[in-house]
Amino acid sequence: MAGGAVALTTSRRKTLQGASGWHGLVHNRRVFLIAIFASLGGLPGVFSGVLAMHSFDVRMGEAVDDAGKKGWLVAILELGAWAGVLMTGYLADKLSRKYTIVLAVVVFVVGVIVQTAAFKPPSIFGGRFVTGLGVGSLSMAVPLYNAEIAPPEVRGSLVGLQQLAITFGIMISFWIDYGTNYIGGTGEGQHEAAWRIPLALQLVPAVILGIGILFMPFSPRWLVNQGRDEEAIEVLARMRNLSQDSELVKIEFLEIKAQYLFEKETSELKFPQYQDDSFISGFKLGFYEYLSLLTSKTLLYRVATGSLTMFFQQWTGINAILYYAPSIFQQLGLTGNSISLLATGVVGIVMFIATIPAIIWVDQLGRKPVLISGAFLMAACHFIVAILTGLYRDSWAQHAAAGWAACVLVWIFTIGFGYSWGPCAWILVAEIWPLSIRGKGLSIAASSNWMNNFIVGQVTPSMLEHISYGTFIFFGSFSLAGGLFIWFFVPETKGLTLEEMDDVFGASEGLAAADQERQDTIMRRLGLLDDHLDEKKVDEENGSVKEKASEDEKVAA
């Protein structure tokens with residue numbers, strides 16, 4: 001019965017709302033502008049080309065030449081991002097999504113300025129850590145704001161456009177590095193502007209994001225959580241270009257209100273002793289809500305699924321390629337810094353192009369086939385590159401064809417990641433949680449992503465130096481293991497409802513079903529559901545079935 005009632009509400013909203021998908025997104029200028037801001041997520045890729053520049057090597061000395069310190073130089077940004085993403089949940093609720101983004105941009109800008117003006121390694125290290133705090137916060141705050149501000153019919157396309165924008169940012173950053181590498185020449189005469197300019201250019205989209213978000217509305221959901229219902233209705237009306245009295249605006253407001261009441265009542269039900277709004281109670285409430293992710297068998301299964309999916313995403317070696325592509329291409333026989341940077345630029349192009357079909361077809365193909373095929377393709381590329389490197393690493397000049405074949409395999413590896421684990425891993429970890437703990441579960445998965453990102457960035461230079469082609473065997477093994485993990489332990493989530501997630505994850509508590517029943521009760525209270533209409537619909541459907549059966553009997557006779 002509840003499922004039918006929900007369907008009636010959804011059906012009425014869909015009747016009133018505008019175009020869906022890409023068509024609706026392009027025609028909604030406000031939402032489209034918000035989506036463009038997501039391109040900031042691709043900016044960290046600018047550093048891979050900087051590491052390969054001669055003038056940067058001369059200025060920073062052993063921070064680049066020593067493999068261990070070089071790893072820390074890259075990975076410290078991810079360590080900052082890990083800390084930033086863990087702070088963002090609290091800040092987004094306290095300051096608002098909008099001002100959290102502004103604060104993250106300020107932190108990001110400070111870090112970039114310190115890096116750009118650096119003359120010694122400590123400044124680069126400190127600047128990248130501070131930049132990481134901003135990047136990590138933005139990696140969670142921007143999608144959260146986007147999802148809450150967008151009309152429901154364009155939300156899926158918005159997520160897809162965000163991933164596409166990130167890969168576009170990575171692609172552009174590679175080519176900026178390639179262009180500035182020629183300032184003053186590529187050798188002894190190279191000017192320090194060659195690496196200071198690409199670092200400084202990160203300020204441009206950051207400032208656009210920071211200033212632009214000030215002209216954007218607050219998230220309507222955050223406004224409802226603050227008791228500012230009238231402002232929330234006004235924002236919804238503006239995003240829809242409708243009057244505040246329109247039926248669609250009213251329905252969407254009541255759905256947001258129902259969600260707020262649902263979360264409030266869930267908290268009161270689970271933790272009645274921590275509802276006095278004091279700081280201590282708030283801290284304890286957050287602690288026990290996170291603890292529930294470990295004490296419930298079904299939630300622990302989902303925590304493991306989300307965290308391990310992000311673990312394997314990073315240990316495919318994608319960020320080893322993105323961060324150290326110039327060094328890797330040089331090890332594969334491409335002589336000359338300019339040629340290796342050019343090959344690195346191709347990495348950005350192929351990953352950007354590969355993301356497009358993933359956005360279009362992942363809902364038709366399913367999560368598991370996309371992730372498994374991508375993992376096996378990446379593993380195959382790693383293993384073949386390892387074989388070629390093992391055979392010809394001391395004689396690339398005499399086997400140029402083998403060197404170029406290895407480079408092509410690195411590009412194919414990037415395609416494999418671009419259409420599979422890049423976008424699809426994030427889709428999977430966002431949809432496996434019951435409604436009442438989705439934010440907290442997603443923050444755990446996101447922190448797993450950044451922590452493993454940090455480790456990969458830190459260890460890759462030492463691996464390339466000490467185990468050479470063994471690095472590719474290592475990442476290939478993890479890519480293979482990731483595909484097997486998805487195949488045997490992760491259920492297909494394509495098209496599943498919230499209640500069905502309990503079934504596929506073997507839940508005994510029925511968390512999602514209980515969540516849905518409680519939410520339906522709230523929606524009835526607000527007037528969003530009408531059981532009489534629901535019963536009428538069921539009767540009509542039963543009547544249609546009986547009439548169809550009667551006709552079939554006549555035909556058979």
Side-chain angles (χ1 to χ4, degrees), residues 1-37 92-93 96-99 101 144-159 161 212-266 435 498 516 518-537 540:
M1 183 74 72
V6 173
L8 282 174
T9 305
T10 304
S11 176
R12 181 57 180 158
R13 173 160 43 76
K14 287 184 176 179
T15 301
L16 296 169
Q17 67 193 21
S20 62
W22 287 93
H23 180 71
L25 183 60
V26 172
H27 283 79
N28 191 322
R29 294 181 180 179
R30 290 189 179 94
V31 176
F32 191 72
L33 184 59
I34 292 170
I36 292 174
F37 290 156
D93 288 338
S96 79
R97 283 62 162 141
K98 177 177 172 176
Y99 289 145
I101 292 173
L144 179 62
Y145 179 79
N146 285 349
E148 292 184 352
I149 205 73
E153 68 270 20
V154 300
R155 189 166 293 139
S157 294
L158 183 63
V159 173
L161 181 60
I213 198 70
L214 293 174
F215 295 92
M216 295 294 164
F218 288 101
S219 158
R221 173 165 181 168
W222 182 81
L223 290 170
V224 169
N225 286 356
Q226 303 301 310
R228 296 156 63 174
D229 291 359
E230 292 182 2
E231 290 180 64
I233 295 173
E234 181 182 350
V235 169
L236 289 171
R238 285 171 55 197
M239 297 301 292
R240 284 292 192 183
N241 293 319
L242 296 172
S243 71
Q244 296 183 30
D245 296 326
S246 71
E247 184 179 359
L248 179 57
V249 171
K250 290 180 179 179
I251 289 175
E252 291 189 350
F253 167 72
L254 289 177
E255 287 178 337
I256 294 172
K257 186 73 173 179
Q259 176 73 8
Y260 163 68
L261 293 174
F262 166 77
E263 292 182 350
K264 186 173 183 293
E265 291 186 11
T266 298
L435 197 58
L498 197 60
Q516 187 66 60
R518 188 159 57 253
Q519 190 173 47
D520 286 350
T521 300
I522 293 170
M523 294 175 77
R524 289 189 184 92
R525 195 162 71 233
L526 293 175
L528 276 170
L529 302 184
D530 189 328
D531 286 334
H532 295 297
L533 290 176
D534 187 38
E535 291 168 3
K536 180 179 179 181
K537 180 183 178 183
E540 289 175 352

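Basis for what follows: all heavy atoms, side chains included, without hydrogens, waters or symmetry-related copies. Numbers here simply count residues along the sequence, with the first being 1.
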Self-check item: Lys98 (side chain) donor-acceptor with Leu214 (main chain) under 3.5 angstrom
Solution: yes
Quiz prompt | Separation between CD of Gln226 and CZ of Phe218, rounded to the nearest 0.5 Å | solution = 9.5 Å
Self-check item: CG-CG distance between Leu261 and Leu254, expressed to the nearest 0.5 angstrom
Solution: 10.0 Å
Quiz item: If you take all heavy atoms of Arg97 and Ala92, which pair is closest and at what distance?
Solution: NH1-O, 3.2 Å
Quiz prompt | Reported CH2-to-CD distance for the pair Trp222 and Glu231, which is rounded to 0.5 angstrom | solution = 8.0 Å
Practice problem: Measure the shortest side-chain to side-chain distance between Ile101 and Met216 over non-hydrogen atoms and say whether it is less than 4.5 angstrom. | Solution: no
Quiz prompt | Lys250 NZ to Ile233 CD1 distance, which is reported to the nearest 0.5 Å | solution = 9.0 Å
Quiz prompt | Nearest heavy atoms of Pro220 and Val235, plus distance in Å | solution = CD-CG1, 4.1 Å
Quiz item: If you measure from CD on Gln244 to CD on Glu230, what distance do you get to the nearest 0.5 Å?
Solution: 8.5 Å
Quiz item: Does a side-chain heavy-atom distance below 4.5 Å link Asp229 with Leu223?
Solution: no
